[in-house]
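Atoms within each ligand, like the ligands themselves, are counted from 1 in listed order. Along the sequence shown, the residues carry numbers beginning at 1. Computation of the quantities below employed the complete heavy-atom set of this structure, encompassing side-chain atoms and omitting hydrogens, waters and symmetry-equivalent molecules. No experiment lies behind these values; they were computed from the predicted model shown.
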Amino acid sequence: LAGAGGYVTFGAMKAIVVHPESHDLTWQDVPEPTIAAGQVLVEIHATAVNRADLLQRIGQYPPPPGESEILGLEMSGVIRDVADDVADWTPGDRVCALLGGGGYAERVAVDARQLLPVPEGWRLDRAAAVPEVFLTAWVNLFREAGLQAGESVLIHAGASGVGTAAIQLAREAGCRPLVTAGGEAKRQRCRELGAEFVCDYKETDFADEVLAHLRSADPDATGVDVVLDVGAASHLERNLRVLGPGGRLVLIALLGGAAGEIDLGQVLRKRLRLIGSTLRSRPVAEKGDIIAAFRAQFWEALVAGRIEPVIDRVIPVQQAAEAHDVIAGNCTIGKVILHVRDE
Ligand SMILES: NC(=O)c1ccc[n+]([C@@H]2O[C@H](COP(=O)([O-])OP(=O)(O)OC[C@H]3O[C@@H](n4cnc5c(N)ncnc54)[C@H](OP(=O)(O)O)[C@@H]3O)[C@@H](O)[C@H]2O)c1
């Protein structure tokens, strides 16, 4: 499709390619994407690592139908071309975006509904840390769990990319973020971001600790309103115990295993709701709706600096395998960015 910017949308570019057997990652020539109706072509400056990339690399998380086979669920960069039917964006715009795939590359074609502007004065490396974690935190806290001002939310892996975003959104919305995190450095960062209470789930029973904290302020407290969970099976019993009546448990990852035993009596008696959620598999129109709603509620706070992406480190995209090892080591606080092109 010849776009309004006249950019040549064929030829070669560099991207990270996964070797089908060894799963080694190499930066090599691949065909350049072409834009379809409703899409823009972006020159990528930065992308970021998500755990889904580690699973996709070993064949355990294939991209949804129609999405790029190239790793990478988000990116920031500069628009080079737009399809004739795209009215809101023009070549030269600095953007970041949620992707179904294709971020570990020099260029990507993305539906315009998945774009966010880059705030004035921000570096593109920083903007690449926004889409996946802030939109995941937003959709699960506010849309799936229906978190309301004044309610409490237990955020597991509080120092993770999603966790650092969730703490800030909950605090900004007038909610009470309580978190679990492994190790004192992570716990300290969570406190700085606004967590009301922090505990180490590896050393203590987080349900006992959180309930004791709530009851220290209110002896009649019955539990938290929402749990944002990544532990799954390993956390299930304690998550059900820590929720109060009408509580909502939102499951976004299976880091502690997929199969667990559940006390349905607690679910029944406390009128709990169990919600599973993925962002990547949602239709483009729904992603666009989520992005618009996030912008309406939190964009002003992001631009004003009251909420901000937390970045652990920036690594050249050619060293993506090293970046995956860093994430797998569970030692990061916030995002690991892959730098693709200088500004
Ligand atoms: N469903 C969705 O739509 C969606 C979207 C984005 C991300 N996710 C998932 O959400 C999770 C967090 O994403 P992220 O990018 O924020 O991850 P991240 O920055 O890589 O952080 C993950 C953290 O989880 C903790 N963790 C590791 N193994 C654990 C286990 N077995 N039980 C409990 N905690 C464990 C570790 O922190 P501690 O040291 O504190 O244990 C680790 O640093 C990932 O699994 C990711 O795949 C889901």
Just to confirm my output: which protein heavy-atom neighbour is closest to atom 1 (N) of ligand 1, and how far is it? Ser277 O, 2.7 Å
Atoms of ligand 1 less than 4.0 Å from Thr278 heavy atoms? 1 (N), 2 (C), 3 (O)
For atom 20 (O) of ligand 1, what is the nearest protein heavy atom, given as residue, atom name and distance? Arg51 NE, 2.7 Å
Can you name the one residue among Asp312, Asn50, Thr164 that meets side chain to side chain donor-acceptor pair (under 3.5 Å) with Lys335? Asn50
For Ala157, the ligand 1 atoms with a heavy-atom partner under 4.0 Å come out as 23 (C), 24 (O), 25 (C)
Under 3.5 Å, N or O to N or O, is Ser160 touching ligand 1 that way? yes
Give me the residue, atom name and distance of the protein heavy atom closest to atom 45 (O) of ligand 1. Ala253 CB, 3.2 Å
Do His45 and Val340 come within less than 4.5 Å of each other through their side chains, counting heavy atoms only? no
Taking both backbone and side-chain atoms of Cys331, is any N or O found less than 3.5 Å from an N or O belonging to ligand 1? no
Could you please spell out the steps behind the side chain to side chain donor-acceptor pair (under 3.5 Å) verdict for Ser277 and Arg282? CA-CA 10 Å; Ser277 167; Arg282 295 179 196 235; 2.9 Å; yes
Heavy atom of Ala181, distance to ligand 1 below 4.0 Å: yes
Among protein heavy atoms, which lies nearest atom 7 (C) of ligand 1, and at what distance? Val162 CG2, 3.8 Å
Tell me which protein heavy atom sits closest to atom 42 (C) of ligand 1, plus the residue, atom name and distance to 0.1 Å. Asn330 OD1, 3.5 Å
Are Phe197 and Phe206 an aromatic pair by the rule of ring centers under 6.0 Å? no
Where the closest heavy atom to atom 4 (C) of ligand 1 is concerned, which of Val310, Leu254, Ile252 has it? Ile252
Restricting to non-hydrogen atoms, name the atom on Leu211 and the atom on Gly223 that form the minimum distance, rounded to 0.1 Å. CD2-CA, 3.7 Å
Would you mind running through ligand 1 and noting each atom that sits below 4.0 Å from a heavy atom of Gly256? 31 (N)
Considering heavy atoms of the protein only, find what lies nearest to atom 34 (N) of ligand 1 and give residue, atom and distance to 0.1 Å. Tyr201 OH, 3.3 Å
Would Arg280 and Glu132 pass as an ion pair if we require N to O under 4.0 Å? no
Look up atom CD1 in Ile79 and atom CG in Leu115, then write down how far apart they are to the nearest 0.5 Å. 5.5 Å
Check each atom of ligand 1 against the heavy atoms of Gly182 and keep those under 4.0 Å away; list them by number with element. 38 (P), 39 (O), 40 (O)
Lys186 N/O under 3.5 Å from ligand 1 N/O: yes
Under the side-chain contact (heavy atoms from CB on, under 4.5 Å) criterion, do Glu32 and Leu41 qualify, and how do the steps go? CA-CA 10 Å; Glu32 181 167 295; Leu41 186 76; 4.1 Å; yes
Where the side chain of Asn140 meets the backbone of Thr136, is there a donor-acceptor pair that is under 3.5 Å apart? yes
Report the residue from Asp125, Ile44, Thr47, Asp53 that forms a side chain to side chain contact (heavy atoms under 4.5 Å, CB included) with Leu338. Thr47
Closest heavy-atom approach to atom 30 (C) of ligand 1 among Leu255, Leu55, Asn50, Val336 is made by Leu255
Top protein contact for atom 11 (C) of ligand 1, by heavy-atom distance: Val230 CG1, 3.7 Å
Shortest protein heavy-atom distance from atom 3 (O) of ligand 1, along with the residue and atom involved: Leu279 N, 2.8 Å
